[in-house]
Amino acid sequence: MIRTRFAPSPNGPLHLGHAYAAVVAHDLARAAGGEFLLRIEDIDPGRSRADLVDSILANLEWLGLAWDGPVVFQSQRVGSYAAAGERLKALGLLYPCQCTRADVLAASSESGPDGPLYPGTCRGRTVSLEGAAWRLDMTRAAALAGPLAWDDALAGPQAAAPEQFGDVVLLRKEAPASYHLAATLDDAADGVTLVTRGADLFAATHVHRLLQALLNLPVPTWHHHPLLVEGDGRKLAKRRRSPSLADRRRAGEDGRALADALRAGRFPAGISRGGGVGEGV
Ligand code: GLU
């Protein structure tokens, strides 16, 4: 049975791009007689806003998108992230790092999919564990896992290339886990078989596939859908022109009609569907 999910971070009001992502995930599940889950990714202490959760649920109802089962909150799963972190530490694959963002920026000479590539400053060093972040020793991890492949429903078979991320942070100083670790563990815990999300997260899947191998997690299929973009080709962002779903809802717009329009590829003026992976989204 197919199980998809919509996994918004309540860091800002949802916009049209979120509605599109939710419609895609919902419809893929429904078309296959499967299930559609809702997971709130609320573990970023600096950005996550509990007051936005009710609005997310109301927006989905307004769009006519019913989810199956209880809403999952990452904030209730932190024990599983810590346990996975311990397993990776026991495998000798994590090391503590005290570098700040500014340190990484200053020391980095290359950039990766998430920004400046970490040059391995703390690898092999003795650093204080107090408040440290824990990074994956990518070379060791990739060697231990061996060659890995994954499948995207739109882009086809992929050879996993997690090395392009360098030594990613998996356990953060200020949060229970990084997005990579939390999302991968949750998709496995929730039995998600088709990870549906925007093409902007395509590269992240290389890391997620590696984590699945290291932690013996089941391997789903992915569906990275094109993003909605504004006239200048930039993805819709919360702080840019696109009105929030809550604003549209409160203004009396018909949410189901909006969902149908997104399904049919009819987008509001100035908004279009960008290319898929590898087409500049
Ligand atoms: N929480 C992420 C976001 O809102 C999505 C993560 C995912 O779908 O894997 O962008």
Side-chain angles (χ1 to χ4, degrees), residues 2-29 35-50 52-53 55-57 59-60 65 67 71-78 81 113-115 150 152-155 162 165 168 170 172 175-212 217-229 234-240 242 244-246 274 277 281:
I2 282 193
R3 188 174 285 158
T4 67
R5 88 300 196 276
F6 175 55
S9 305
N11 300 340
L14 298 195
H15 56 72
L16 216 54
H18 292 107
Y20 182 67
V23 164
V24 170
H26 170 272
D27 288 8
L28 283 168
E35 290 180 353
F36 167 64
L37 307 187
L38 174 59
R39 180 169 78 229
I40 306 293
E41 302 208 322
D42 59 344
I43 53 168
D44 189 331
R47 299 172 68 208
S48 186
R49 287 173 47 193
L52 288 174
V53 173
S55 171
I56 291 175
L57 307 190
N59 289 335
L60 290 178
L65 306 177
W67 58 90
V71 181
V72 173
F73 292 87
Q74 286 197 324
S75 54
Q76 293 171 6
R77 294 256 174 98
V78 298
Y81 310 148
D114 278 348
W150 55 276
D152 183 88
L154 300 180
F165 282 81
V168 281
L170 293 188
R172 294 167 55 190
S178 72
Y179 158 66
H180 295 306
L181 183 62
T184 302
L185 288 168
D186 284 343
D187 284 331
D190 296 330
V192 172
T193 63
L194 184 63
V195 174
T196 307
R197 60 184 171 213
D200 54 335
L201 289 168
F202 188 89
T205 301
H206 293 300
V207 175
H208 301 184
R209 180 66 191 86
L210 173 61
L211 293 175
Q212 286 158 357
L217 302 175
V219 182
T221 301
W222 284 263
H223 178 115
H224 293 95
H225 58 77
L227 299 180
L228 296 193
V229 295
R234 292 177 59 176
K235 83 177 200 182
L236 291 190
K238 295 158 197 166
R239 280 171 294 278
R240 300 183 80 219
S242 160
S244 74
L245 298 183
V277 174
V281 175

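Remember, it's 1-based here, ligands and their atoms both numbered in the order they're listed. Owing to the predicted nature of the structure, the values given are computational and were not obtained by experimental measurement. For this chain, numbers begin at 1 and follow the sequence in order.
Counting heavy atoms from C-beta on, the side chains of His208 and Leu201 never come closer than 4.5 Å.
Once rounded to the nearest 0.5 Å, the distance linking CG of Asp152 with CH2 of Trp222 reads 9.5 Å. Atom NE2 of His206 is separated from atom CZ of Phe165 by 7.0 Å, given to the nearest 0.5 angstrom. Annotation: the span from Leu14 atom CG to Ile56 atom CD1 amounts to 4.5 Å, rounded to 0.5 Å.
Of all the atoms in ligand 1, the ones that sit under 4.0 Å from a non-hydrogen atom of Arg197 are 7 (C), 8 (O), 9 (O). Against a heavy-atom cut-off of under 4.0 Å, Glu41 is close to the following atoms of ligand 1: 1 (N), 2 (C), 5 (C), 6 (C).
Across the listed options His180, Arg39, Arg5, His224, Arg5 owns the non-hydrogen atom lying nearest to atom 7 (C) of ligand 1.
Ion pairing between a basic and an acidic side chain is recognised when a charged N comes within 4.0 Å of a carboxylate O; Arg3 and Asp190 show no such pairing.
Ligand 1 does not have Phe6 within reach: every non-hydrogen atom of the residue lies 4.0 Å or more from it.
Contacts of Pro8 with ligand 1, taken as heavy-atom pairs under 4.0 Å, involve the backbone alone.
Using modelled atom types and a 3.5 Å distance limit, the side chains of Asp186 and Tyr81 yield a donor-acceptor pair.
Considering backbone and side-chain N/O of Thr196, none are found under 3.5 Å from N/O of ligand 1. Residue Ala183 places no N or O, backbone or side chain, under 3.5 Å from any N or O of ligand 1.
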